[in-house]
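Heavy-atom basis, side chains included; hydrogens, waters and symmetry copies ignored.
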Amino acid sequence: MINMIQNAKEQVAHLVQQAYEAAAEKGQLPPAEGTIHGNVEIPKDSRNGDYTSNFALAGAKALKMRPRDLAQLLVDNLTLDGTYFSKAEIAGPGFINFTVSDTWYGEVLSAVEKESAAYGTSGLGKGQKVMVEFVSANPTGPMHMGNARGGVLGDTLANVLSRCGYDTWKEFYVNDAGNQIAKFAHSIYARCMQMTAGEENYPFPEEGYHGDDIKELARGFLAQAEAFPGDTSQETWETAMAEYGLSRNIPKMQEDLKKYGIEYDQWFLESDLHNSGYVAETVALLTEKGWTYEKDGALWLNTSALLREKFLREGKKEAQVDKLELKDDVLRRANGFYTYFAADIAYHRNKFEKRGFDKVINVWGADHHGHVARLQAALDGLGLDGSGRLVIVLMQLVNLLQDGKPVRMSKRTGKAIALHDLLDEISVDAARYYFNNRVPSSPLDFDLGLAVREDSENPVYYVQYAHARICSLLKMMAEENVTVSPMTEVDVSLLNDEAARDLIKQISQYPDELRLAARDYDPSCINRYLVNLSARFHKFYHDDRIKGEEKNVLRARLKLADTVRTVLENGLEVLGVSAPEHM
């Protein structure tokens, strides 16, 4: 778990502290009473060094000195022998800029050699049990484009968290109860009636599901049903139809997602919460804690009071909260049935209280924005710290383009673009890469034409081509009996031009990119990192010839190319995208 950027930053801080103590011992500065506080950053312009510190600016006031004078004393007392740095210089009002030496560049390559497939991983989340719940689409129809983005986002985020040391669990919440399932069964029943009595004799409900998949389910049900409709009640038929439809749809969803490279640790059924009495128990707990009241025969959650407490606790001013139009929510209807919100609260109580997850991350569509604070507040009311432990990643819609024109997507009209149809048009690699190519909060334009192009305009092709290019190079060199050398036989000082140095710096950034992706719940930064790494490799490969070079130069450059191959493979694996050896 080597992070050479972090190691360099820590060494800068240590060197400056040592310089301060050395200056104090000489009487040049007041006695050191503690650690100098400041920041170490990577300058945007490499002409300002590889790392820069503001310790002199941060400490000047306390020491009653001009920052630049303090910086000079610190630089005069720096000892760089045996460190990652070749020089330190003062810049601007008192910044100290450090330039890395061959030692640091060599350590970057050695880190990848040592850790190989584990390069970039960390112990950031060690000891923390995290669930990522994503897609969780209603099982009333085929997987569609809206699920495609959430699927790859959730799956990739779980991969990122796992590589950062979290004990990660992937879950699909199956909404196999409630109004959607009732509508689903009613739609199948209506199609069955039309198929037996004629469409003109049984109008299809306007609010029903109009897709061809419902007709297919109706035909399948009739093929195995006896004496439909006979004397059996519509309610009984619809119960059987719901069971039949779910028994066909859920395995199809699992199959589509598996083809998409997604496999869950668990498919959790909403019906289990109801059948076990867990929903009723959760609502009773809320009542016991004083958060519910009855009105018009229904049981309500005092959501407005819970939200008020939440917002005030988070630092909002009372006047601001008073202006919000806070509303309460029904938990149990007058007819005795529990609402979806009640089941959702119970489900998340199950995650935290029963199964012991430290943190839960849900990937939701942006249209669920209003539901976020309400659910967190309800969990707060149960004493589960929903505001701190439940993270919602809101994802914007996908705009699918074909021939430059938007493709309409409507589940109601049956014109949805099914996931399995999309994967018939483009590769799984392209789909997974593109759907993770933007931050979740940004809308995503998915151009079907660009996704199948084989040129540098297509980012997934561009990255995979870099990997394949290196594999071809290694194969070609192996045919000439030239193999990749261990770092003990590589002279890093020969990798001294700008293209090689920039490439090694890019390699060093991978552990930080994984860390930031986990911190920000944004795996799209891995996509951008891989494109940048590929661009720097292509430049290096263009500028620095490998085949035919003097033996030691060839050995160093070939080692660098192979190191890039390892990092590309690691990053593509996180994305669930293949790393081809030839294209």
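- Minimum heavy-atom separation, Ala430 to Val460: CA-CG1, 4.1 Å.
- No side-chain heavy atom of Phe85 sits less than 4.5 Å from a side-chain heavy atom of Asp50.
- Contact check on Lys559 versus Asp562 returns no salt bridge, with no Lys/Arg side-chain nitrogen under 4.0 Å from an Asp/Glu carboxylate oxygen.
- Scanning all heavy atoms of the two residues, the minimum distance from Phe435 to Ala148 falls at CE1-CB, 3.5 Å.
- The CH2 atom of Trp104 sits 3.5 Å away from the OG atom of Ser508 when rounded to the nearest 0.5 Å.
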Side chain to side chain donor-acceptor pair (under 3.5 Å), that's the test. Do Thr79 and Asp81 meet it? Break it down for me. CA-CA 6 Å; Thr79 302; Asp81 295 341; over 6 Å; no
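- Side-chain contact check for Leu109 versus Leu495: some heavy-atom pair is nearer than 4.5 Å.
- A 6.0 Å sphere centred on NZ of Lys258 holds no more than 12 heavy atoms belonging to other residues, nucleotides or ligands.
- Formation of a donor-acceptor pair under 3.5 Å by the Arg389 side chain with backbone atoms of Leu384 is found in this model.
- Atom NZ of Lys547 is surrounded by 12 or fewer heavy atoms from other residues, nucleotides or ligands within 6.0 Å.
- Of the possible donor and acceptor atoms, none in the side chain of Thr156 sits under 3.5 Å from a partner among the backbone N and O of Leu153.
- The backbone N or O of Leu80 sits less than 3.5 Å from a side-chain atom of Thr83, completing a donor-acceptor pair.
- Side-chain atoms of Ser101 do not come within 3.5 Å of backbone N or O of Ser86 as any donor-acceptor pair.
- Atom CG of Asp520 is separated from atom SG of Cys525 by 7.5 Å, given to the nearest 0.5 angstrom.
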Worked check of salt bridge (charged side-chain N to carboxylate O under 4.0 Å, His left out) between Asp256 and Lys259: CA-CA 5 Å; Asp256 285 347; Lys259 182 180 179 181; over 6 Å; no
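- Inter-residue side-chain proximity for Phe268 and Phe172 is flagged as unmet; no heavy-atom pair is nearer than 4.5 Å.
- A 4.5 Å side-chain heavy-atom check between His467 and Gln464 finds every atom pair outside the cut-off.
- Using a 4.0 Å cut-off between a side-chain N of Lys or Arg and a carboxylate O of Asp or Glu, Asp358 and Lys351 do not qualify as a salt bridge.
- To the nearest 0.5 Å, atom CD of residue Glu133 and atom NZ of residue Lys170 are 14.5 Å apart.
- Taking each heavy atom of Ile361 and Leu161 in turn, the nearest pair found is CD1-CD1, 3.5 Å.
- No side-chain N or O of Asn552 forms a donor-acceptor pair with one of Asp491 less than 3.5 Å apart.
- Counting only heavy atoms from C-beta outward, the side chains of Leu257 and Tyr264 approach each other to under 4.5 Å.
- Using bins of under 30°, 30° to 60° and over 60° for the plane-to-plane angle, the ring pair Trp364/His368 lands in the tilted bin.
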Apply side chain to side chain donor-acceptor pair (under 3.5 Å) to residues His14 and Glu10 and explain how you reach the verdict. CA-CA 6 Å; His14 180 67; Glu10 289 174 358; over 6 Å; no
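- Ionic pairing of Asp543 and Lys539 is present here: one or more N-O contacts between side-chain nitrogen and carboxylate oxygen are shorter than 4.0 angstrom.
- In this structure, Ala23 and Asn77 approach most closely via the heavy-atom pair CB-ND2, 3.6 Å.
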List the steps and the verdict of ring pair (Phe, Tyr, Trp, His ring centres under 6.0 Å) for Phe357 and Phe352. CA-CA 5 Å; Phe357 287 98; Phe352 289 121; 8.2 Å; no
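- Side chains of Leu533 and Gln509 form no contact here, defined as non-hydrogen atoms less than 4.5 Å apart.
- Ring centroid separation for the pair Tyr260 and His420 does not come in under the 6.0 Å cut-off.
- Glu115 places a side-chain N or O within donor-acceptor distance of the main-chain N or O of Ile2, the cut-off being under 3.5 Å.
- Under the 4.5 Å side-chain criterion, counting only non-hydrogen atoms from C-beta, Leu473 is in contact with Ile546.
- A 6.0 Å sphere centred on CD of Glu498 holds no more than 12 heavy atoms belonging to other residues, nucleotides or ligands.
- Taking CZ of Arg163 as the reference point, atom CG of Leu124 lies at 14.5 Å (rounded to 0.5 Å).
- At distances below 3.5 Å, at least one donor-acceptor pair connects side-chain atoms of Lys129 with backbone N or O atoms of Arg355.
- By the 6.0 Å contact criterion, CD on Glu489 is enclosed, its count of non-hydrogen atoms from other residues, nucleotides or ligands being greater than 12.
- To the nearest 0.5 Å, atom CG of residue Leu57 and atom CZ of residue Phe95 are 5.0 Å apart.
- For the 3.5 Å distance criterion, the side chains of Asn458 and Tyr434 qualify, holding a donor opposite an acceptor.
- No more than 12 heavy atoms of other residues, nucleotides or ligands shown are found within 6.0 angstrom of CZ on Arg66.
- Between Glu581 and Lys475 no salt bridge is recorded (no basic side-chain N to carboxylate O distance below 4.0 Å).
- Surrounding CD of Glu25 are at most 12 heavy atoms belonging to other residues, nucleotides or ligands under 6.0 Å away.
- Side chain of Gln396 to main chain of Leu444: no donor-acceptor pair is present (N/O by atom type, distance under 3.5 Å, no hydrogens or angles).
- Using modelled atom types, one finds no donor on one side chain facing an acceptor on the other under 3.5 Å when comparing Asn97 with Asn48.
- The six-membered or imidazole ring of Phe98 lies away from that of Tyr51, with a centre-to-centre distance of 6.0 Å or more.
- Residues Ala88 and Ile96 share a closest heavy-atom pair of CB-CG2, 4.2 Å.
- To the nearest 0.5 Å, atoms CG (Asn527) and CZ (Arg438) are separated by 11.5 Å.
- Under a 3.5 Å cut-off, the side chain of Ser110 and the backbone N or O of Gly106 do form a donor-acceptor pair.
- In this structure, the side chains of Leu558 and Met477 come closer than 4.5 Å at one or more pairs of heavy atoms.
- Of all heavy-atom pairs between Ala19 and Leu74, the closest is CB-O, 3.4 Å.
- The existence of a salt bridge linking Glu569 and Arg565 is confirmed by a sub-4.0 Å separation between a basic side-chain nitrogen and an acidic carboxylate oxygen.
- Lys359 and Asp385 are not joined by a salt bridge, as no carboxylate oxygen comes within less than 4.0 angstrom of a charged side-chain nitrogen.
- Asp512 contributes no side-chain N or O that, together with a main-chain N or O of Met4, makes up a donor-acceptor pair within less than 3.5 Å.
- In this structure a side-chain-to-backbone donor-acceptor pair under 3.5 Å is missing from Asn436 to Leu575.
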